[in-house]
Amino acid sequence: MGSYKYCLCFTRKFRWSEAEPPADVKAAFAELAEGELQIGPEQLRRFLAEMQGESATKTADAERIIEQIRKQRHRILGKVARPVLALEEFHQYLFSEEFNPPLQSQVHHDMTAPASHYFIYTGHNSYLTGNQLSSDCSDVPIIKALQRGVRVIELDMWPNSTKDNIDILHGRTLTSPVDLLKCLKSIKEYAFVASPYPVVITLEDHLTPDLQAKVAEMVIETFGDMLYYPSSETVAEFPSPESLKKRIILSTKPPKEYLEAKSSKEENESQNGKVSNEEEEWGKEVPDLNEQIESYEHEDGKSDNDEEEDDDDDDDDELKKNHAPALEYKHLITIKAGKPKGSLKDALRVDPDKVRRVSLSEQQLVKAAASLGEDIVRFTQKNILRIYPKGTRVWSSNYNPMIGWMHGAQMVAFNMQGYGRSLWLMHGFYKANGGCGYVKKPDFLMKEGPHGEVFDPKADFPVKKTLKVKVYLGDGWRLDFKQTHFDTYSPPDFYAKVGIAGVPADCIMKKTKAIEDNWVPVWDEEFTFPIRVPELAILRVEVHEYDMSEKDDFGGQTCLPVSELRPGIRAVPIFDRKVCGTETPSMEGAT
């Protein structure tokens with residue numbers, strides 16, 4: 001029983017009740033039990049195979065599952081565990097993410113293809129703890145990213161104040177620096193705690209040749225045999241993730257002569273754009289691609305403050321005469337990056353003899369996609385394309401990652417220290433393939449037709465899959481929130497939003513009715529989603545608490561790759577708005 005004060009002198013009492021198993025669960029149990037009150041290992045094996053679509057390996061674990069459920073019940077209730085499952089225990093099993101998760105936990109994609117065949121979990125300015133202008137630089141966000149499974153870490157290298165060592169910071173801002181060596185040591189320690197597949201360090205290089213040589217020494221001394229670099233200067237094909245397990249590789253432009261900033265016109269160019277307010281509590285809705293194009297058309301001038309677009313990368317003849325390139329440093333670069341020369345179409349030409357990385361801002365990608373979509377897809381079949389946030393995202397917000405993935409961009413770089421719906425999509429997408437940080441690109445992005453034609457992201461696609469999602473119930477908020485967190489005078493009124501993020505034609509959000517005054521809402525509603533490109537689609541689930549007089553409160557969220565959803569009735573954990581690993585309640589649903 002829960003009590004809420006009302007109008008100072010009155011108390012309202014609400015009875016807490018546990019949710020009963022949904023009707024579908026009761027029906028499944030009754031069919032398995034055939035008139036009995038319990039089911040045994042054989043009936044559970046049949047349920048796993050026929051209704052959950054599990055493999056033979058999983059169904060063979062039926063006895064172990066029953067044993068563990070019995071042990072949990074024995075521990076909780078203090079009773080002698082029975083060698084069978086009653087209806088309540090069967091429901092307990094279905095509502096357990098440990099035993100009944102919505103996704104596979106093992107790596108199952110082919111990991112032997114060249115690295116350009118994979119989407120790679122990529123961070124932007126990985127050392128920043130907050131905003132892009134004045135936050136501290138630290139190795140802590142790097143550690144957190146690696147613990148989550150991020151495989152690409154970005155470091156911006158600048159000479160320190162005495163020009164005899166290397167600092168990591170966001171150049172020409174008020175961000176406080178962190179020492180390069182500290183970052184390298186943390187990368188070494190945490191690189192493979194979440195995934196054994198290679199970590200790429202992308203370096204934004206603003207160093208003199210002598211400091212580049214010092215970086216080479218630090219990298220070799222810190223990583224030792226973990227460091228991989230090619231034996232030849234040009235590479236015709238990137239190595240595979242499988243061949244580079246537990247290895248660290250570098251990606252940057254080959255050394256150019258350091259050029260001091262000659263004028264203040266470039267300083268803090270990111271401030272030239274309009275700075276938006278902090279995102280709403282759970283983040284702005286992810287903009288569709290047409291909205292992005294319109295917003296970029298209204299932005300005047302250059303607004304990117306990133307390495308491939310900086311004017312200070314232009315060669316300076318006098319300095320080139322006075323400095324020799326750092327050869328050792330150059331030889332350590334596995335993924336060579338280059339600033340686009342000439343037109344963008346020229347930059348996207350495929351060289352049959354060597355591979356490279358090109359970086360584009362989010363605006364450049366959207367604008368290029370309008371006329372060069374197929375060129376981008378063709379380029380990314382062999383080479384690597386990195387997309388980075390525009391410079392006006394000073395609050396470390398992010399953009400819609402789908403346009404990059406639709407065009408085969410492997411490194412869609414995100415501010416991992418931020419939050420919001422775009423970042424939720426990023427984290428959800430990389431839950432695929434066991435969360436290893438490498439997701440094999442769909443075949444349609446890698447194929448060429450008989451006349452050299454490739455996938456056209458602007459084409460109209462037929463419906464390829466129909467996804468049915470039934471949302472049964474949610475539970476667990478009482479464990480994580482104070483009684484009056486959502487409403488001072490009564491229990492919360494929860495509703496769920498369910499939808500798809502993907503190519504524009506697949507994007508949609510629907511919602512359930514709000515269940516009034518209940519900490520354990522039972523929605524029991526089904527939704528149908530026709531999907532044209534399921535390989536890139538993400539199932540979005542959000543829970544909110546309806547508030548008549550104010551903005552609805554946030555109750556949790558999750559994003560799951562549609563192509564990896566396991567059929568049947570599944571337990572889906574939902575998380576806080578920062579997706580920092582804090583698990584809020586679970587929901588039960590069927591796909």
Side-chain angles (χ1 to χ4, degrees), residues 115-126 132 145 150-154 156 200 202-204 251-253 270 273 286-289 291-293 295-296 299 302-310 335 337-340 344-345 347-348 355-393 396-416 418 420-423 425-427 429-430 437-439 441 445 455 457 501-504 536 538:
S116 57
H117 291 219
Y118 300 84
F119 298 119
I120 310 173
Y121 206 176
T122 302
H124 172 257
N125 290 354
S126 305
Q132 302 286 310
V150 172
R151 298 291 85 191
V152 182
I153 299 296
E154 183 185 23
D156 293 6
V200 182
T202 59
L203 299 173
E204 183 179 331
S251 177
T252 187
K253 293 187 294 295
S270 63
V286 179
D288 65 31
L289 303 185
E291 288 175 345
Q292 280 191 308
I293 292 172
S295 69
Y296 297 154
E299 293 179 2
K302 178 182 167 184
S303 61
D304 300 311
N305 190 23
D306 223 314
E307 69 273 22
E308 270 65 33
E309 299 306 306
D310 279 352
I335 302 177
K339 181 178 180 180
L344 186 55
K345 188 174 181 66
L348 294 172
V355 290
R356 66 191 190 280
R357 190 199 90 203
V358 167
S359 290
L360 301 176
S361 70
E362 57 176 288
Q363 299 112 308
Q364 286 179 307
L365 175 66
V366 170
K367 292 173 182 177
S371 58
L372 299 173
E374 293 182 46
D375 293 275
I376 299 172
V377 172
R378 189 174 288 106
F379 178 83
T380 58
Q381 290 179 343
K382 184 177 181 181
N383 301 279
I384 288 178
L385 179 62
R386 172 180 171 267
I387 311 301
Y388 58 90
K390 60 184 179 180
T392 52
R393 294 190 181 277
S396 297
S397 62
N398 289 295
Y399 50 99
N400 186 344
M402 280 296 167
I403 187 168
W405 293 331
M406 284 168 53
H407 289 82
Q410 296 88 347
M411 295 182 179
V412 178
F414 261 37
N415 295 307
M416 297 295 171
R421 286 187 168 102
S422 294
L423 190 57
L425 294 183
M426 174 66 69
H427 291 324
F429 184 82
Y430 284 103
Y438 285 80
V439 175
K441 294 203 288 188
L445 283 172
F455 173 73
V503 300
L536 298 179
I538 298 173

**Student:** When you compare the side chain of Val152 with that of Thr202, does any pair of heavy atoms fall below 4.5 Å?
**Tutor:** yes
**Student:** Tyr118: which residues meet the ring pair (Phe, Tyr, Trp, His ring centres under 6.0 Å) condition with it, sequence neighbours left out?
**Tutor:** none
**Student:** Quick check: closest heavy atoms across Asn398 and Pro389, and the distance to 0.1 Å?
**Tutor:** OD1-CG, 4.4 Å
**Student:** State whether the side chain of Thr380 and the backbone N or O of His407 hold a donor-acceptor pair below 3.5 Å, judged by distance alone.
**Tutor:** yes
**Student:** Taking Thr122 for the side chain and Met411 for the main chain, is one N or O donor matched with an acceptor at less than 3.5 Å?
**Tutor:** no
**Student:** Please find the pair of heavy atoms, one from Leu425 and one from Ala501, that lie closest to each other, and give the distance.
**Tutor:** CD2-CB, 3.7 Å
**Student:** Taking the side chain as C-beta and beyond, is there a heavy-atom pair between Met402 and Val503 under 4.5 Å?
**Tutor:** no
**Student:** Could I get the full list of side chain to side chain donor-acceptor pair (under 3.5 Å) partners for Tyr121, not counting sequence neighbours?
**Tutor:** His427
**Student:** Is a donor on one side and an acceptor on the other found under 3.5 Å between the side chain of Gln381 and the backbone of Leu445?
**Tutor:** yes
**Student:** Indicate yes or no for a side-chain donor-acceptor contact from Asp156 to the backbone of Glu204 under 3.5 Å, with no hydrogens or angles considered.
**Tutor:** no
**Student:** Checking Met416 against Leu423 for the side chain to side chain contact (heavy atoms under 4.5 Å, CB included) test, could you report, in this order, the C-alpha distance in whole Å, the side-chain angles of both residues, the deciding distance, and whether it holds?
**Tutor:** CA-CA 7 Å; Met416 297 295 171; Leu423 190 57; 3.9 Å; yes
**Student:** Evaluate Tyr388 against Gln364 for side chain to side chain contact (heavy atoms under 4.5 Å, CB included), listing each step before the verdict.
**Tutor:** CA-CA 10 Å; Tyr388 58 90; Gln364 286 179 307; 4.2 Å; yes
**Student:** If I compare all heavy atoms of Met406 with all of Val377, which pair ends up nearest, and what's the gap?
**Tutor:** O-CG2, 4.4 Å
**Student:** Taking all non-hydrogen atoms of both residues, which atom of Ile384 and which atom of Phe379 are closest, and how far apart?
**Tutor:** O-CE2, 3.7 Å
**Student:** Would you say the side chain of Gln132 lies within less than 4.5 Å of the side chain of Asn125, judging by non-hydrogen atoms?
**Tutor:** yes
**Student:** Going by ring pair (Phe, Tyr, Trp, His ring centres under 6.0 Å), name the residues that satisfy it together with Phe414, two or more places apart in sequence or in a different chain.
**Tutor:** Tyr399
**Student:** Would you sort out whether Leu365 and Ile376 count as a side chain to side chain contact (heavy atoms under 4.5 Å, CB included), showing the intermediate values?
**Tutor:** CA-CA 9 Å; Leu365 175 66; Ile376 299 172; 4.0 Å; yes
**Student:** Check the pair Phe429 / Val412 against side chain to side chain contact (heavy atoms under 4.5 Å, CB included), numbers first and verdict last.
**Tutor:** CA-CA 12 Å; Phe429 184 82; Val412 178; over 6 Å; no
**Student:** Specify the closest pair of heavy atoms between Gly123 and Ala413, including all atoms of both residues, with the distance to one decimal.
**Tutor:** O-CB, 3.9 Å
**Student:** Output yes when a side-chain donor or acceptor of Lys345 lies under 3.5 Å from a complementary backbone atom of Leu372, and no otherwise.
**Tutor:** no
**Student:** Do the non-hydrogen side-chain atoms of His124 and Arg386 ever get within less than 4.5 Å of each other?
**Tutor:** yes
**Student:** Would you please name every residue forming a side-chain contact (heavy atoms from CB on, under 4.5 Å) with Val355, sequence neighbours left out?
**Tutor:** Val235, Phe238, Lys382, Asn383
**Student:** Not counting sequence neighbours, which residues clear side-chain contact (heavy atoms from CB on, under 4.5 Å) with Ser126? List them please.
**Tutor:** Ile142, Ile153, Glu154
**Student:** Using every non-hydrogen atom in the two residues, find where Glu374 and Phe455 come nearest and quote the distance to one decimal.
**Tutor:** CG-O, 4.0 Å
**Student:** I'd like to check Leu360 versus Leu344 (side-chain heavy atoms, cut-off strictly below 4.5 Å). Are they in contact?
**Tutor:** yes
**Student:** Is there side-chain contact between His117 and Tyr438, with at least one heavy-atom pair below 4.5 Å?
**Tutor:** no
**Student:** Hey, what do you get for NZ (Lys253) to CD1 (Ile335), rounding to the nearest 0.5 Å?
**Tutor:** 14.5 Å
**Student:** Looking at residues at least two apart in the chain, or sitting in another chain, which of them share a side chain to side chain donor-acceptor pair (under 3.5 Å) with Gln410?
**Tutor:** none
